[in-house]
Each structure stands twice: as structure tokens, then as C-alpha cells.
There are 2 protein chains.
Amino acid sequence: MTTSLSDIAERAGVSIKTVSGALHGGSARMSEQTRLRIKEIAEELGYVTNLAARGMRQGWMPLIGVVADDLITSPFATEIIRGLDGAARAADMAVFAMTLGGGRDVASVLEEVRRFRPRAIAYAAMYHKTVSLPAEFAETVGVMINCREANDKVTSLVPDEIGAAHEITSYLIEAGRRNIAFINLPGLLAGELREAGFRRALEEAGLDAGRARVLPAVRRAIYSDRAHSLVLSHVTALMDGPERPDAILCGNDRVAMEVYAALRRVGAQIPDDVAVASFDNQVDIASRLDPPLTTMALPHRAMGRLAADILLAENAAPGEVRKLAFQLVERSSV
Amino acid sequence: MTTSLSDIAERAGVSIKTVSGALHGGSARMSEQTRLRIKEIAEELGYVTNLAARGMRQGWMPLIGVVADDLITSPFATEIIRGLDGAARAADMAVFAMTLGGGRDVASVLEEVRRFRPRAIAYAAMYHKTVSLPAEFAETVGVMINCREANDKVTSLVPDEIGAAHEITSYLIEAGRRNIAFINLPGLLAGELREAGFRRALEEAGLDAGRARVLPAVRRAIYSDRAHSLVLSHVTALMDGPERPDAILCGNDRVAMEVYAALRRVGAQIPDDVAVASFDNQVDIASRLDPPLTTMALPHRAMGRLAADILLAENAAPGEVRKLAFQLVERSSV
DNA sequence: CATCTCTACCCAATCGGTATCCTCGAGTCA
DNA sequence: TGACTCGAGGATACCGATTGGGTAGAGATG
């Protein structure tokens with residue numbers, strides 16, 4: 001049997017309430033002596049607070065529920081959780097994640113989470129997208145992380161794709177690069193927005209955005225000649241063409257990895273001949289490439305942290321969309 | 001305010017107990033008609049069970065606590081969770097993970113988990129290793145996943161590294177390969193065990209295990225000439241040497257990726273000249289290599305599932321070490 | 001008719017904290 | 001001296017679900 005407050009109270013010869021106050025009450029009125037004695041006894045008896053009991057009384061458990069798009073798998077998702085967890089922990093809360101997938105729909109997963117009476121619930125997407133949450137959940141879910149709620153009924157936290165593309169492009173321009181090609185991810189919201197930021201930065205620098213080359217990568221391929229061929233042919237065409245680029249911006253680090261291989265094959269030096277920059281800061285890749293890759297780090301941890309802050313402060317502004325800045329990670333590919 | 005059983009009871013004109021029975025009691029004695037009516041009302045009122053209340057009554061929450069080595073990050077860890085989650089869900093339980101790291105020690109994380117009164121607790125490691133759990137937690141933690149408890153006080157679930165290496169090696173031999181080199185991971189328990197299995201399979205096939213070449217890979221490098229060089233030089237030396245191997249077994253898929261690159265560079269065809277096989281089945285890599293890689297899939301999901309089964313059945317045999325079989329995934333690199 | 005057995009429920013205790021309302025004695029102040 | 005405050009802590013009512021111990025009424029049985 002686990003020890004409860006009453007066991008401690010009995011042993012200490014005080015009331016349960018006094019024990020509760022001594023152990024949890026921040027500044028309950030009682031002599032420091034009593035408090036200390038009670039804490040000692042609690043320690044001795046191996047007391048562990050029963051959060052289910054407290055939770056029942058308060059009406060909620062010290063939990064932040066997270067409904068995730070898909071099983072938490074990528075390093076990015078991990079960062080979101082890490083951010084949430086850090087902020088939650090500071091408030092003596094824990095993060096409790098459940099995932100969709102496997103035929104489960106939002107409604108049932110949400111109910112599963114709600115059974116535990118979390119203080120607040122967030123919805124997290126694996127990659128930046130627009131999610132349409134059934135209207136009846138707009139009040140249940142406090143924050144959308146890494147996705148925007150289609151009907152703007154919920155506060156949404158998303159990466160500032162446009163700003164990031166603008167920043168990295170400007171960075172390349174400041175480094176003296178004038179002819180920047182962009183091998184982008186096709187079919188993704190992030191790619192679309194990044195392209196916009198890219199073009200705007202070019203325009204602001206007085207470069208001809210209309211003639212900028214934006215080419216699609218393909219999202220599969222490691223060392224496969226077939227799949228590789230698209231990025232390879234892009235790079236080859238660029239480097240053999242009349243206007244050799246002096247910089248290539250990549251849709252993400254994975255694309256950059258392929259671009260590195262392609263540049264190596266055509267005999268171009270990074271960064272002397274061509275600078276390479278990218279998005280994501282997937283550390284496994286970016287820091288191990290040779291030379292290490294300069295890339296814009298996704299603000300996943302910041303989104304997690306902010307989400308927890310908003311949820312715990314209960315000051316979500318429904319419908320607001322907050323764009324979080326990427327962080328430029330300078331390595332040596334520019 | 002959230003609705004409770006008493007709200008439903010009032011509305012339905014029955015007692016709370018009847019409502020409880022109708023909603024949760026599998027086969028409580030009551031007319032089907034009453035049960036249906038109560039369910040309807042519950043639905044209408046948007047009733048969601050309060051697990052904190054139930055948990056308090058029962059003494060435990062329907063949770064399986066997991067203390068993880070490090071923040072759940074790799075696809076492997078995900079598989080463990082998936083396995084746990086599947087089995088837990090079947091018992092109407094949820095998985096609740098907390099991670100070490102960030103200066104937290106096992107004792108404090110364990111207490112944090114215990115506050116939620118989980119039904120059972122597992123300890124999961126990110127990669128196969130030996131973990132020494134302080135003796136006082138041997139009873140708290142029911143199962144060790146992907147690691148072996150140093151003092152054998154706890155049931156441990158680990159991958160059968162020896163068996164897997166034996167199986168894949170035998171598979172290569174059956175495919176007619178006679179001269180198999182092994183580029184292994186250095187400094188890891190898994191690598192050590194795999195080498196043992198590798199040698200045993202050679203011996204059993206009557207091949208000279210003493211002369212088998214087992215070489216260390218290095219665990220960093222993507223497209224970096226420097227870091228690559230070790231695997232590359234191994235492969236080059238093997239292929240240029242007097243006894244060209246007709247198969248290369250790799251410590252993991254990542255090593256295999258480098259071996260592919262090296263073989264491509266020296267102009268060898270996979271699998272015609274050299275078969276390649278590996279461990280892990282990191283799908284991202286294995287299925288995208290060209291040709292797709294034959295590899296032994298780690299039994300992470302099975303470990304998770306079995307862990308949950310053991311914990312829920314409460315039939316852990318403290319000190320037992322169960323080795324789970326890898327699964328051969330045949331693709332076309334052999 | 002008395003008794004027995006079901007069926008279909010109800011009553012009330014209980015789990016472990018938290019919070020509200022009291023009490024009690026000692027000191028304070030006019 | 002009487003009214004008051006204040007510090008320290010007691011008694012007890014919750015929170016919402018589960019559950020052991022009933023019980024009233026209908027039908028069956030002897």
C-alpha cells in the first residue's frame with residue numbers, strides 16, 4: 001500500500017490538512033519546525049503525492065494533452081515536445097501525448113485525452129500545414145502547433161517561412177552572392193511560402209526576381225541513381241548553363257545533401273564556387289556534411305515553449321496566428 | 001462544468017450506480033433498455049469519463065509509465081512506444097513517457113511518474129545497452145526495454161543480436177556467398193554480440209571464421225570525404241585485395257549507405273559482384289537505397305508489445321532476460 | 001400461501017487530497 | 001478589562017467514480 005497524507009498525519013500527530021500544507025502549500029501558516037518534521041516523516045515513509053486525488057479535487061490533472069498528427073517520430077516533433085515539456089515542467093506539469101493514425105479520428109483521440117482531464121490541450125502537426133478542426137473542438141483545443149487552423153477559431157503557432165526565406169536569401173546576398181538558385185520542396189505549404197520570401201528578398205536587393213530559378217526537388221532518394229537524378233540534373237544544368245549560380249538555396253537539409261553530392265560530381269567547390277544554404281537544421285545532416293551546412297533552424301522548440309506558456313496562462317487569443325522566427329545557424333557552406 | 005455520472009443519473013431518473021454500470025460495467029445486470037437510454041443521455045450531455053476519479057478509487061490510473069533514457073527521438077524509440085501503445089490501448093490504457101536528461105536522475109523522474117499512479121512502469125533505453133538501476137527501484141520498474149538490468153533484478157527485453165547476426169550470415173551463405181566481410185559498429189554492445197553471431201554462423205557452415213574480416217566503421221559521416229574515408233578505405237582495400245569478398249555485412253543501415261557509396265565508387269555491382277546486408281531496417285534508408293537493402297529489422301515494436309503484455313499481466317519474472325528475434329526483411333541487395 | 005430466486009435497482013462508504021470554516025490561546029490596544 | 005487580532009492547526013465537506021451490501025417486486029415452486 002502506498003502511503004497517504006493521513007499516514008503521515010498520524011505519525012506526526014497532526015491533522016491531514018497540516019501535512020498537506022507542509023508538503024505542498026507554498027506559504028501556509030505554520031511553524032517552520034512543524035513543516036520540517038513533517039517533511040522528514042514523509043521522506044521516511046516514501047510518500048509520493050497522489051495526483052489523481054489532487055486532480056479530482058481541482059477538476060484537472062497537471063497535464064498538457066497533445067494530440068499529434070502522427071506518431072512522434074521526427075527530430076522536429078521531438079523538439080516541439082521538448083519545448084512543451086520544458087515550459088510545462090516549470091509549472092509542475094507534464095506533457096501527455098496521444099497520436100492520431102491507425103484509424104483513429106480526432107474526435108475519439110480527443111475524448112481519450114480528455115478522460116484524463118488535462119489542464120489544456122494542444123494539437124501538433126508533424127509538418128507545417130493547414131488543419132481543419134471540426135468546429136466543436138475549437139474550444140477544447142487551445143493551441144495549434146506547427147499548423148494553422150483552417151477556420152481561424154484557434155490560436156495557431158507556425159514557423160515564419162516567409163521571413164526565414166527572406167533572411168537566408170538576404171544573408172546570401174550580403175555574402176556577395178548575386179545569382180541564387182532555389183531547389184525547393186514541391187507541393188508543400190512551407191515551400192510555397194519560402195519561395196515568396198526568397199523572391200521578396202531578391203527584389204528588395206534589386207535583383208531580378210522574375211528570372212530567379214526555382215526548381216522542384218523530389219522527396220525521396222538516398223544514393224539511388226534514379227531518384228537522385230532530378231536534383232542531379234538540376235544542378236548539372238545550372239552549373240553547365242550560361243548563368244552559373246554562385247549560390248544554391250535548398251528546400252531542406254536533405255535536399256542540400258543531394259545538392260552537395262551533385263556539386264561534388266560536377267567538380268564545384270563549396271562554398272568557393274557555390275554557396276549552399278538550406279532550411280531545417282536537421283543536425284544529423286547539417287553538421288555532418290562537409291563543409292558543415294549553413295541552414296535556418298526551424299523554431300520547433302520555441303513553438304512548443306510558447307504553446308505551453310499560452311495554454312498555462314490561459315491567454316490564448318482564438319484565431320490569432322503567430323509566426324515564429326527561424327534561427328540562422330551559420331556553418332561554413334556560405 | 002463537465003458532466004458527471006450524477007448529472008446523467010438525475011436526468012435519467014436512476015441512481016449513479018446504475019449509470020456507472022450502464023456505461024462501463026461490462027455485463028452489469030440491468031435491462032438493455034435502461035442501458036441504452038442512459039447511453040443516449042450520456043452522449044447528449046457530452047459525458048467524458050473522469051479517469052482521475054476512477055483512478056483514485058482503484059488506486060491506479062490506466063497508464064503505463066515509461067522512463068526513457070533520452071528524449072524519444074529515433075524511429076526505433078518510436079517503434080517501442082508504438083508497440084507499448086498498441087498493447088496498452090487494447091487494455092484501455094495509455095502510455096505516459098518521461099525522459100531523463102537535462103540533469104534529472106532516475107530517482108526524481110521515477111517519482112514524477114509515480115505521482116500519476118501508473119499501473120506499471122517500464123524503463124526504455126535508446127540503444128541496446130546494460131543499465132544499472134539503483135536497487136530500490138527494482139520493484140518499481142517492471143520491465144527493462146532494449147536494455148539489460150545490470151544486476152538482473154528486473155525482467156529485461158533485449159534484441160537477440162547474436163541470433164540475428166547468425167541468421168543474416170546464414171542467409172548470405174545460403175545465397176551462395178562464401179567470402180563475407182563484416183563492417184561493424186565499434187564500441188557498442190550490439191556490435192560485439194553481432195560479431196559473435198557472425199562468427200558462429202561461419203563456423204557452422206564450415207567456413208574459416210578465424211580469417212573472416214571484421215572491420216570497424218565510424219559513426220559519423222554523410223557525404224563528407226574525411227569521415228567517409230574509413231569505410232571507403234575498408235571497402236577499397238577489400239575490393240582491391242587478394243580475396244575479394246562476395247558479400248559485405250554492415251553494422252547498420254547507415255554503414256550500409258556508406259558501403260553502397262564506396263562500392264559504387266570502386267565500380268562494383270550490388271548484388272551481382274557483392275551482396276550487402278545489414279541490421280536495423282531503418283526504413284528511411286533501407287528501402288530507398290538502390291537497390292533496396294536486405295536487412296534485419298530490430299524487434300522494437302515487439303519489445304514494446306511484450307513489455308506491455310508482461311506489465312499488464314503482472315507476470316514479470318524478475319531477472320529474466322528475454323531475447324527477441326529480429327525479422328529478416330528481404331529486399332534486393334542479396 | 002409461504003418461500004425462494006431472480007431482476008433491476010438503490011444506499012452509502014470509500015479513495016487521497018484540498019479548501020472552507022472553526023477553535024483556541026496568547027498577545028495587543030484603548 | 002474587554003474587544004480584537006493573529007498564528008497554528010483541527011474538523012469536515014467536498015471532488016466523481018466504483019462497489020459491497022442491501023431490497024422491493026415479479027414470477028416460480030412446493
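Chain naming here is simple, since letters A, B, ... match the order of the sequence lines and numbering starts at 1 in each.
- A/Phe137 CZ: more than 12 foreign heavy atoms inside a 6.0 Å radius.
- The CZ atom of A/Arg57 sits 7 Å away from the P atom of D/dC15 (whole-angstrom rounding).
- Atom pair A/Leu51:CG and D/dG16:P shows a separation of 18 Å (rounding to whole Å applied).
- Not one side-chain nitrogen or oxygen of B/Gln58 sits closer than 4.0 Å to the OP1 or OP2 atom of C/dT14.
- Among residues two or more places apart in sequence or in another chain, the salt bridge (Lys or Arg N to Asp or Glu O under 4.0 Å) test is passed with A/Glu149 by none.
- If you measure from atom CH2 of B/Trp60 to atom P of D/dA17, you get 16 Å, rounded to the nearest angstrom.
- Once rounded to the nearest 0.5 Å, the distance linking CG of A/Leu133 with CG of A/Asn151 reads 9.0 Å.
- Salt bridge A/Arg82/A/Glu79: present, at least one basic N to carboxylate O contact under 4.0 Å.
- At whole-Å resolution of the value, CE in B/Met61 and P in D/dG16 are 15 Å apart.
- A straight line from CE of A/Met56 to P of D/dA13 spans 15 Å, rounded to a whole angstrom.
- An OP1 or OP2 oxygen of C/dT18 is reached within less than 4.0 angstrom by a side-chain nitrogen or oxygen of A/Arg54.
- For A/Ser20 and C/dA19, the shortest distance from a side-chain N or O to OP1 or OP2 is not below 4.0 Å.
- Note that CG of A/Asp85 is 10.5 Å distant from CZ of A/Arg301, once rounded to the nearest 0.5 Å.
- Phosphate proximity of D/dA8 to A/Thr34: absent, as no side-chain N or O sits under 4.0 Å from OP1 or OP2.
- Between A/Glu44 and A/Arg11, at least one side-chain nitrogen of the basic residue sits less than 4.0 Å from a carboxylate oxygen of the acidic one, meeting the salt-bridge criterion.
- Here C/dC11 presents its C1' atom at 16 Å from CG of B/Leu5, a figure rounded to the nearest Å.
- With rounding to whole Å, B/Arg115 atom CZ is found 15 Å from C/dG16 atom C1'.
- Listed by residue number, A/Ile16, A/Lys17 are the residues of residues 6-17 of chain A with a heavy-atom contact under 4.0 Å to DNA chain C.
- Between B/Gln33 and C/dA8, a side-chain N or O to OP1/OP2 separation shorter than 4.0 Å is absent.
- Contact between the side-chain N/O atoms of B/Thr49 and the OP1/OP2 oxygens of D/dA17 is not found at any separation under 4.0 Å.
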Using the rule given for side-chain contact (heavy atoms from CB on, under 4.5 Å), can you reason through A/Thr49 versus A/Leu23, listing the C-alpha separation, both sets of side-chain angles and the distance that settles it, and then say yes or no? CA-CA 9 Å; A/Thr49 307; A/Leu23 296 180; over 6 Å; no
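- Protein atom CG of A/Leu23 is 15 Å distant from nucleotide atom P of C/dG16, rounded to whole Å.
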